[in-house]
Amino acid sequence: MLKLNKAAGKKGIKLLATLLTAVLMITGCSGGSGGSSEGNWVSIEDRYTVDPEKPAWQLDKKEEATDLTWYVNADWWNTDFGKDIVTKKIKEDLNINIKFITGDDTKLNTFFAGGDMPDLLTVFDSNSPVVQKAATWAMPLNDLAEKYDPYFNKVAAADTLNWFQLADGKTYGYPNYSNTQEDYDSGNIPAKTAFIIRKDVYEALGSPVIGTPEEFQNVMKRIKQEFPALIPFGFNAVGEGTGSLGDTLQDFIGVPLENENGEFYDRNLDEDYLTWLKTLNTVYRDGNISDDSFADDGTAFEEKVKSGKYATMLLDGTPQQGGNLQIYMSANPGKEYVAIDGPQSTKGNAPTLNQSGITGWMINFISKDCKDPAKAIQIFTYLLSEEGQTLMNYGIEGETYQTKADGSVELLPAVKDMQLNNADQFKKDYRMGEFMFFGHDRHKALSADAFPEAIKQMQEWGKGKLKPHFILENISPDQGTPEARALSAINTKWNTTLVSMVRSKDDASYDNALASYKSFLGENRWEEIVKVRSEKMKLNKEKLGVQ
């Protein structure tokens, strides 16, 4: 999935701001000064008659352009509108002008403290009070669709609408990249995780199998001996979530998502996973994992990917690294990275690779102060439709892409050349693959141009290995609770513990780090956290209709 900097979009809400938001939301603040508590239900009597079989944007006869403000809770969002080919077409088809406003959690909270609410609003944290209390400040999409654009229900996923349903039975927010079970079953969602090895290294070593801890350890030793200039094993930059050595490795070796009773399972302390962490510690002590890997930020890691510095990598986010892998591949034919089976479960478990879940990423709302909610829901419908999805991904037929005889989509040569060789100009002129408020993975399957050549073999390797993690989504304790504060401390402790375990100088240090973490759990409300998570998992299963 092609995303912008996800980490930037996922900033946690500061405690003070969170408490302020929660108080304002709970008291029913609708935002803005004098905003309607029920929403601005404008009349469309003179504009169009709704038709369940036709999107309202094609029916609306409103002549003057509608001016809307759209707040995106991310400082990095591109606020241009109407200049590139994608947003220019949106502006033309919907007869709208959008003024984007960006900011952080502090600015977000000023809207709920009496400032003028934007017409549309996009946030990234589905657990935040802003999302959980949306009924107090946003308009229900169900009612908007019924009154203004019933075609919305043809393009919105019923499972996604149900997933975001609040206690009143209505849905207020709709995300991008929300993958349902049907999407997973379709086979159109590519894996984003792979254990990769440089092809020249792999062939020189005789295409070894490295599935067991012993095999892995021995191959790393051979790499060090035969390719001394390379780092035998690398992984995503360590940070929140511990990079790809955390749940990515757990998924790779198929650590269970729940215990035998269908309740929360502490995957960090799974025996199979700990066996592999111990193996990584052995590899580290052999000198085959670099200390730099624990200090490198994302930029430093990417530079090593571009230069092929790692002999092998456990990589999460292959599309995000696609450009770097392509740069290396283009400059080093025959030495490109390829995916192989890599580490495997010592218990015989199959991989359970994760992808974007049903919660998605960017969650979009229409505020109760929206000047023209009819036009706003038309935007949702338009961008969710096949027409909007194709525009956002590939642009305009004849101008940027052509449809082949088999129905697939192919970028025109000049456009493809700019995409490959002048990314900044491509972004400015076309913006395809970037303006993705309602983007979806399945539309990438329309074209071989959706992903760089460098990762296609990796995606092919991942077929059949994806398993939805829906039941684990949004199960953390509610913000502001003692359990939430305790979990934050536990997560921080685990990040440092995992690094300490892998970098331990001897068995005693390894055992002490693990024992210290286990003690920390007992001192920080772990039993209560497990109970909350198990209860939320049960609710998730009810939403999903899973037994």
Side-chain angles (χ1 to χ4, degrees), residues 1-2 190-210 215-216 218-237 243-244 248 252 283 287-293 295-343 411 413 415-427 433 444 447-463:
M1 178 170 64
L2 299 181
K192 65 180 181 67
T193 304
F195 181 85
I196 60 178
I197 185 170
R198 272 182 34 173
K199 187 177 181 181
D200 58 327
V201 174
Y202 188 52
E203 292 176 346
L205 296 177
S207 305
V209 175
I210 57 176
E215 290 167 341
F216 184 83
N218 290 334
V219 169
M220 294 303 122
K221 286 181 178 179
R222 288 188 61 195
I223 291 172
K224 184 180 182 181
Q225 293 168 355
E226 300 181 36
F227 296 87
L230 300 183
I231 301 170
F233 178 61
F235 39 85
N236 295 75
S244 51
T248 299
F252 209 85
V283 172
N288 298 326
I289 293 177
S290 170
D291 277 317
D292 290 343
S293 292
D296 284 348
D297 59 12
T299 302
F301 173 72
E302 289 177 2
E303 287 302 320
K304 287 176 179 172
V305 174
K306 285 181 188 177
S307 61
K309 186 67 174 175
Y310 299 108
T312 71
M313 281 184 277
L314 179 58
L315 186 62
D316 185 43
T318 50
Q320 285 75 24
Q321 292 299 326
N324 300 320
L325 290 166
Q326 186 65 49
I327 289 170
Y328 176 73
M329 180 181 184
S330 298
N332 300 276
K335 297 182 179 180
E336 66 270 15
Y337 285 97
V338 294
I340 62 173
D341 287 344
L411 293 182
V415 179
K416 180 70 173 178
D417 181 70
M418 185 183 291
Q419 182 190 42
L420 291 174
N421 301 308
N422 194 343
D424 289 338
Q425 192 66 36
F426 178 83
K427 179 178 179 178
K444 300 294 184 185
S447 176
D449 293 329
F451 296 103
E453 288 295 326
I455 69 170
K456 289 179 181 177
Q457 182 270 345
M458 301 171 193
Q459 293 176 328
E460 188 67 27
W461 171 89
K463 285 185 177 179

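Sequential numbering from 1 along the given sequence is applied to the chain's residues. From a predicted model like this one, the values you see are computed outputs, not experimental measurements.
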Rounded distance (nearest 0.5 Å) linking atom CD1 of I340 with atom OG1 of T312: 8.0 Å
To the nearest 0.5 Å, what is the distance between CD on Q419 and CZ on F426? 4.5 Å
If you round to the nearest 0.5 Å, how far is CD of E302 from CG of D296? 11.0 Å
What about F301 and Y310, are their ring centers closer than 6.0 Å? yes
Other residues, nucleotides, ligands: >12 heavy atoms within 6.0 Å of K335 NZ: no
Where do F252 and D341 come nearest, in terms of heavy atoms and distance? CE2-O, 3.1 Å
Evaluate side chain to side chain contact (heavy atoms under 4.5 Å, CB included) for F233 paired with L314, printing each intermediate quantity in order. CA-CA 8 Å; F233 178 61; L314 179 58; 4.0 Å; yes
Does a donor on one side chain and an acceptor on the other come within less than 3.5 Å for D316 and S244? no
For the atom pair CD (Q457) and CD1 (I196), what is the distance rounded to the nearest 0.5 Å? 9.5 Å
Show, in sequence, the C-alpha distance, side-chain angles and deciding distance for N332 and R198, and conclude whether the side chain to side chain contact (heavy atoms under 4.5 Å, CB included) test is met. CA-CA 10 Å; N332 300 276; R198 272 182 34 173; over 6 Å; no
Please check: side-chain N/O of K456 versus main-chain N/O of A448, any donor-acceptor pairing under 3.5 Å? yes
Fit a plane to each ring of Y328 and Y337, take the angle between them on a 0 to 90° scale, and name the class: parallel (under 30°), tilted (30 to 60°) or perpendicular (over 60°). tilted
Worked verdict on I223 versus N288 for side chain to side chain contact (heavy atoms under 4.5 Å, CB included): CA-CA 9 Å; I223 291 172; N288 298 326; over 6 Å; no
State the OG-NZ distance between S290 and K304, to the nearest 0.5 angstrom. 5.0 Å
Polar side-chain atom of E453 near backbone of Q326 as donor-acceptor pair, under 3.5 Å: no
Just by distance, with hydrogens left out, do E303 and T299 show a side-chain donor and acceptor under 3.5 Å apart? no
In terms of heavy-atom contacts, A194 and M458 come closest through CB-CB, 4.2 Å
For the student: nearest non-hydrogen atoms of I210 and F195, plus distance: CD1-CE2, 3.3 Å
For residues I197 and V338, determine if any side-chain heavy atom of one lies less than 4.5 Å from a side-chain heavy atom of the other. yes
Looking only at heavy atoms, which two atoms of P208 and Y202 are closest? And how far apart? O-CE1, 3.6 Å
Assess the residue pair L315 and N236 against the criterion (side chain to side chain contact (heavy atoms under 4.5 Å, CB included)); give the C-alpha distance rounded to whole Å, side-chain angles, the decisive distance to 0.1 Å, and a yes or no. CA-CA 6 Å; L315 186 62; N236 295 75; 3.9 Å; yes
Nearest 0.5 Å, what's the NZ-CD distance between K199 and E336? 5.0 Å
Which pair of non-hydrogen atoms, one from E226 and one from A204, has the smallest distance, and what is that distance? OE1-O, 4.3 Å
Are the side chain of D449 and the backbone N or O of L411 linked by a donor-acceptor pair below 3.5 Å? yes
